[in-house]
There are 2 protein chains.
Amino acid sequence: MSAVPPPTRPAGRMRDAARTQAEILDVATQEFARQGYDGARVDEIAARTRTTKRMIYYYFGGKEQLFTAVLERAYAEIRRQEQEADVEHLEPLAAIRRLAELTFDHHEAHPDFIRLVSIENIHDASHMAASPTLSKLNTPAIDVIGRILEAGRAEGVFTAEIDAVDLHMMISSFCFFRVANRHTFGSLFGRDLVAGGTREHYRRMLGDMVIAYLTAPPASH
Amino acid sequence: MSAVPPPTRPAGRMRDAARTQAEILDVATQEFARQGYDGARVDEIAARTRTTKRMIYYYFGGKEQLFTAVLERAYAEIRRQEQEADVEHLEPLAAIRRLAELTFDHHEAHPDFIRLVSIENIHDASHMAASPTLSKLNTPAIDVIGRILEAGRAEGVFTAEIDAVDLHMMISSFCFFRVANRHTFGSLFGRDLVAGGTREHYRRMLGDMVIAYLTAPPASH
DNA sequence: CACGTAATGTACGAACTGGTACGTTAGTAA
DNA sequence: TTACTAACGTACCAGTTCGTACATTACGTG
């Protein structure tokens with residue numbers, strides 16, 4: 001019978017500022033996403049870390065700044081993935097559908113991020129407003145959409161008069177709602193929007209919706 | 001110089017259970033919507049009431065049950081308004097557009113309700129799940145959409161194969177996102193989705209989107 | 001190998017927060 | 001009028017929660 005082994009640290013340096021900070025951010029992201037800003041506990045975040053609460057204040061200053069740091073890292077990751085998206089070599093119709101699908105997949109793959117955004121909206125985006133990093137965040141996705149829209153209109157396949165930001169909003173709202181509101185929606189209508197087999201169904205619905213809007217005969221507007 | 005007058009009660013009975021409960025629910029709705037569940041303070045709710053904290057526990061039992069009661073009343077009000085909607089005398093196309101507009105207007109008019117739903121989703125709809133009132137809530141809007149869809153297909157104007165719940169989701173997602181995410185969206189893209197002059201713009205966009213989807217030529221699906 | 005500093009751990013406190021024990025009063029029915 | 005109960009108020013507590021003072025140690029540098 002061996003005693004419970006003491007919690008082993010990952011090999012390497014015992015003191016590693018970068019790793020400690022990253023670990024705190026990882027745990028804090030989970031904790032904030034699951035419990036909300038006020039629901040999350042600094043002690044709980046610390047306990048789930050290899051280090052102590054002292055380090056949270058040492059590196060981040062406080063709960064508020066920790067949450068801001070969590071948001072900043074989450075958005076940075078989004079932007080990174082957005083820049084990887086390569087759809088501009090496609091025909092405008094295919095490009096838009098592909099972009100919508102990438103947005104769709106991204107929302108489904110990052111429910112914690114969706115929750116953080118919901119939480120930040122409950123707080124009137126006060127952390128974002130106070131963060132130079134976040135308020136000056138440029139979003140490459142908008143430029144991509146803008147160029148596709150331009151190409152599509154030049155070719156005559158897009159009839160709708162909509163700009164890039166609004167189209168991005170249309171796509172995001174569908175993807176965001178499906179993930180963010182799945183609990184109340186499921187409870188009210190008995191339908192799990194994120195259930196296994198439904199993914200392709202909603203993915204196609206989104207693409208069809210966006211394409212239908214962009215290509216609708218002008219009469220119906 | 002007269003002293004500050006003691007807080008005068010509204011005329012009538014001094015002790016009125018129904019009025020006290022309603023007042024607590026009013027304040028609690030505001031407080032929960034603005035601060036979130038964990039951010040809201042029972043003491044603060046009580047302080048903003050004509051009565052004391054003791055009454056909250058007397059009538060509702062605790063913070064958790066108070067939040068559930070707030071949710072129940074908010075959803076009851078929604079259902080009441082849904083039942084007033086009278087669109088089935090219209091042509092299918094006009095009926096759907098009108099229904100979408102009513103949903104749109106309702107979301108814009110009740111931002112507190114939107115926030116409560118966001119908050120409840122952060123908590124995985126646990127209060128709804130525990131409330132018999134809320135989990136057995138039937139939603140007349142779905143039946144209305146179902147009948148309009150049927151009529152529209154019978155007339156041949158609707159080509160899309162979509163059921164009532166999914167169409168409701170499509171409409172709700174647009175309306176919900178616009179209100180719920182206006183803060184982060186505004187911060188990121190510098191566009192206020194709920195600004196004064198933009199209402200008609202987004203209202204039309206929603207209607208066009210839904211109609212375009214429902215009437216799109218089958219080839220594009 | 002000494003030494004300075006960044007990095008870390010321990011212990012603790014002040015304020016807050018949900019909840020309750022206990023006492024009081026307005027309204028009502030007989 | 002009297003007596004009873006629903007409705008209400010005050011004071012308080014126990015546990016929690018963010019934050020910090022102080023001590024300590026690993027690690028790079030010369």
Side-chain angles (χ1 to χ4, degrees), chain A residues 6-32 34-71 119 123 126-127 130, chain B residues 6-32 34-71 119 123 126-127 130:
Chain A
T8 54
R9 301 189 164 190
R13 305 157 48 87
M14 300 190 68
R15 300 192 165 188
D16 186 329
R19 188 173 57 190
T20 300
Q21 293 176 45
E23 197 183 346
I24 291 174
L25 282 177
D26 286 341
V27 175
T29 298
Q30 277 188 35
E31 202 64 15
F32 279 126
R34 274 155 185 57
Q35 313 285 344
Y37 175 76
D38 292 287
R41 301 292 164 226
V42 177
D43 283 293
E44 177 64 20
I45 294 172
R48 290 179 47 193
T49 302
R50 177 174 53 82
T51 181
T52 66
K53 182 169 58 162
R54 178 71 183 76
M55 290 298 97
I56 292 176
Y57 290 89
Y58 184 70
Y59 284 121
F60 298 97
K63 188 182 183 181
E64 204 104 13
Q65 293 110 305
L66 176 60
F67 183 76
T68 301
V70 164
L71 265 187
I119 291 162
H123 293 77
S126 61
H127 305 92
Chain B
T8 53
R9 300 190 162 189
R13 303 160 50 88
M14 301 190 66
R15 300 192 164 190
D16 186 328
R19 187 171 59 188
T20 301
Q21 291 176 46
E23 198 183 345
I24 291 173
L25 283 177
D26 286 342
V27 175
T29 298
Q30 276 189 35
E31 201 65 14
F32 279 127
R34 274 154 186 57
Q35 314 285 346
Y37 175 76
D38 292 287
R41 299 292 163 226
V42 177
D43 283 292
E44 177 64 19
I45 294 172
R48 290 179 49 194
T49 301
R50 178 174 52 83
T51 182
T52 65
K53 182 167 60 160
R54 178 70 182 77
M55 288 298 98
I56 293 176
Y57 290 89
Y58 183 68
Y59 283 121
F60 298 97
K63 188 182 184 181
E64 204 104 15
Q65 293 109 304
L66 176 60
F67 183 77
T68 302
V70 164
L71 266 188
I119 291 162
H123 296 288
S126 61
H127 305 93

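The figures here come from the full heavy-atom set of this structure, side chains too, leaving out hydrogens, waters and symmetry mates.
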Visitor: Can you tell which of dA7(D), dG9(D), dT8(C) lies closest to the side chain of Thr52(B)?
Guide: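 Of all the options, the side chain of Thr52(B) is nearest to dG9(D).
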Visitor: Hey, is the side chain of Arg15(B) pairing donor to acceptor with the base of dT25(C) inside 3.5 Å?
Guide: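 Side chain to base: pair found, below 3.5 Å.
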Visitor: On the 0 to 90° scale, with breaks at 30° and 60°, tag the His123(A)-Phe67(A) ring pair as parallel, tilted or perpendicular.
Guide: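 Rings of His123(A) and Phe67(A): tilted, as their planes differ by 30° to 60°.
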Visitor: Taking all non-hydrogen atoms of both residues, which atom of Gly36(A) and which atom of Ile119(A) are closest, and how far apart?
Guide: CA-CD1, 3.5 Å
Visitor: Of the options dG18(C), dC18(D), dA7(D), whose atoms approach the side-chain atoms of Val42(B) most closely?
Guide: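 In terms of side-chain proximity for Val42(B), the closest of dG18(C), dC18(D), dA7(D) is dG18(C).
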Visitor: Taking only N and O in the side chain of Tyr57(B), is any of them less than 4.0 Å away from OP1 or OP2 of dT20(C)?
Guide: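 False: Tyr57(B) side-chain N/O out of range (4.0 Å or more) of dT20(C) OP1/OP2.
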Visitor: Is there a side-chain polar atom (N or O) of Arg54(B) under 4.0 Å from OP1 or OP2 of dT20(C)?
Guide: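 It does not, given that no N or O in the side chain of Arg54(B) lies less than 4.0 Å from OP1 or OP2 of dT20(C).
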Visitor: Closest nucleotide of DNA chain D for Tyr58(B) versus for Asp38(A): which of these residues is on the 5' side?
Guide: Tyr58(B)
Visitor: Output the single nucleotide from dG18(C), dG19(D), dC22(C) whose closest atom is nearest the side chain of Lys53(B).
Guide: dG18(C)
Visitor: Roughly, in whole Å, what's the span from CG in Asp43(A) to C1' in dT17(D)?
Guide: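 Result: 6 Å.
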Visitor: According to a strict under-4.0 Å criterion, is Tyr59(A) in side-chain N/O contact with OP1 or OP2 of dT8(C)?
Guide: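 Tyr59(A) to dT8(C) OP1/OP2: side-chain N or O found under 4.0 Å.
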Visitor: Are any non-hydrogen side-chain atoms of Arg41(B) and Lys63(B) less than 4.5 angstrom apart?
Guide: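 Side-chain contact under 4.5 Å: yes.
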